[in-house]
Amino acid sequence: MHTTRHTPANEAQDDRILDEVRAIPKGWVSTYGDVSPAAPRRVGQVLATAPHDVPWHRVVRADGTVPQGSAQLARLVDEGVPTRGDRVDMKRARWTRTPTR
DNA sequence: GGCATGACTACTT
DNA sequence: AAAGTAGCCATGC
């Protein structure tokens with residue numbers, strides 16, 4: 001099927017990633033693995049160049065640590081995300097998108 | 001076209 | 001609990 005269309009990478013995949021991140025409610029967080037199980041590293045690379053309407057700070061590591069340090073943690077705390085020291089309390093803050101629909 | 005890099009994850013010591 | 005190792009996808013040189 002003609003492989004990729006026109007531009008770098010599967011634009012669709014990157015778009016889907018951004019869409020997932022936009023869907024994370026305020027006060028909650030998601031993990032790279034949740035956004036893209038097959039390519040968690042891809043998520044970070046996309047977020048690095050993502051538009052400002054994307055709540056990048058709501059994406060954290062699976063163990064609750066935040067890649068962007070205090071800058072990111074401060075935003076999360078400000079939104080009411082439960083934290084434990086310098087990491088997010090994943091038991092309470094991890095958000096799973098709405099079930100298959 | 002091969003090799004290194006990155007906002008990762010899971011498994012093993 | 002912490003550190004090391006291997007696996008993963010796409011990008012850039």
Side-chain angles (χ1 to χ4, degrees):
Chain A
M1 294 210 347
H2 328 190
T3 72
T4 54
R5 308 270 118 272
H6 47 109
T7 67
N10 313 320
E11 196 177 300
Q13 186 172 357
D14 289 2
D15 234 6
R16 180 181 151 279
I17 290 175
L18 293 176
D19 198 37
E20 280 289 323
V21 178
R22 290 193 185 101
I24 305 172
K26 179 181 176 185
W28 294 81
V29 300
S30 190
T31 70
Y32 293 86
D34 277 349
V35 177
S36 181
R41 304 190 74 127
R42 185 75 198 113
V43 178
Q45 193 138 67
V46 171
L47 286 182
T49 61
H52 269 103
D53 63 310
V54 180
W56 56 269
H57 57 278
R58 292 181 193 152
V59 181
V60 302
R61 297 195 180 111
D63 65 356
T65 57
V66 294
Q68 299 304 294
S70 59
Q72 179 174 11
L73 191 62
R75 287 168 183 263
L76 294 175
V77 172
D78 189 54
E79 293 188 351
V81 175
T83 59
R84 206 183 137 136
D86 57 339
R87 58 170 84 178
V88 177
D89 186 339
M90 298 310 282
K91 283 181 173 162
R92 297 188 269 180
R94 188 173 189 173
W95 176 79
T96 49
R97 67 162 180 154
T98 55
T100 313
R101 195 110 42 111

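Note on naming: letters A, B, ... go to the chains in the order of the sequence lines (proteins, then strands), and numbering restarts at 1 for each one. Note: hydrogens, waters and symmetry copies are ignored here, and every other heavy atom, side chains too, is used.
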(request) Measure the distance from CG on A:Asp15 to P on C:dA10 and round it to the nearest whole Å. (result) 15 Å
(request) Taking side-chain contact (heavy atoms from CB on, under 4.5 Å) as the test, write out the residues that go with A:Ala50, two or more places apart. (result) A:Leu18, A:Leu47, A:Val54
(request) Quickly work out the A:Tyr32 OH to C:dC9 P distance and round it to whole Å. (result) 19 Å
(request) Applying side chain to side chain donor-acceptor pair (under 3.5 Å), name anything that partners A:Arg41, two or more places apart in sequence or on another chain. (result) none
(request) Figure out the CG/P separation between A:Asp63 and B:dA7, and round it to whole Å. (result) 16 Å
(message) For A:Ile24 versus A:Ser30, what's the shortest heavy-atom pair and its separation?
(response) CD1-CB, 3.5 Å
(message) Taking side chain to side chain donor-acceptor pair (under 3.5 Å) as the definition, give me every residue that meets it alongside A:Asp89, ordered by chain and number, with sequence neighbours left out.
(response) A:Arg92
(message) Under the salt bridge (Lys or Arg N to Asp or Glu O under 4.0 Å) definition, can you give me all pairs with a residue in residues 63-87 of chain A, not counting sequence neighbours?
(response) A:Arg58-A:Glu79
(message) Grouping I, L, V, M, F, W and Y whenever their side-chain heavy atoms are under 4.5 Å apart, do A:Val21 and A:Trp95 come out in a common cluster?
(response) yes
(message) Between P on C:dC9 and CZ on A:Arg16, what's the gap in Å once rounded to a whole number?
(response) 14 Å
(request) Using atom CZ of A:Arg42 as one end and atom C1' of C:dT11 as the other, report the distance to the nearest whole Å. (result) 7 Å
(request) Determine the Euclidean distance between corresponding C1' atoms of B:dG1 and C:dC13; express it in Å to zero decimal places. (result) 12 Å
(message) In this structure, how many angstroms lie between the P atom of B:dG6 and the CG atom of A:Asp14, rounded?
(response) 19 Å
(message) Let's see if you get this right: which residues in residues 68-78 of chain A place a heavy atom under 4.0 Å from DNA chain B?
(response) A:Gln68
(message) Do A:Tyr32 and A:Val29 land in one hydrophobic cluster if side-chain heavy atoms of ILVMFWY residues count as linked below 4.5 Å?
(response) no
(message) Please list all pairs meeting salt bridge (Lys or Arg N to Asp or Glu O under 4.0 Å) that have one or both residues in residues 28-39 of chain A, counting only residues at least two apart or in different chains.
(response) A:Asp34-A:Arg94
(message) With rounding to the nearest 0.5 angstrom, report the OG to CD distance, A:Ser36 to A:Glu20.
(response) 9.5 Å
(message) A:Arg22: which residues meet the salt bridge (Lys or Arg N to Asp or Glu O under 4.0 Å) condition with it, sequence neighbours left out?
(response) A:Asp53
(request) For A:Met90 and B:dC8, give me the distance from atom CE to atom P, rounded to whole Å. (result) 14 Å
(message) Tell me every residue that passes side-chain contact (heavy atoms from CB on, under 4.5 Å) with A:Gln72, counting only those two or more places apart in sequence or in another chain.
(response) A:Trp56, A:His57, A:Val60, A:Val66, A:Pro67, A:Gln68, A:Leu76
(message) With a cut-off of less than 4.0 Å, is there a side-chain N or O of A:Gln45 near OP1 or OP2 of B:dT5?
(response) no
(message) One character per nucleotide, please: for nucleotides 2-8 of chain C, 5' to 3', B when the base has a protein heavy atom closer than 4.0 Å, S when only the sugar-phosphate does, - otherwise.
(response) -----BB
Protein-nucleic acid N or O pairs under 3.5 Å, nucleotides 10-13 of chain B:
none

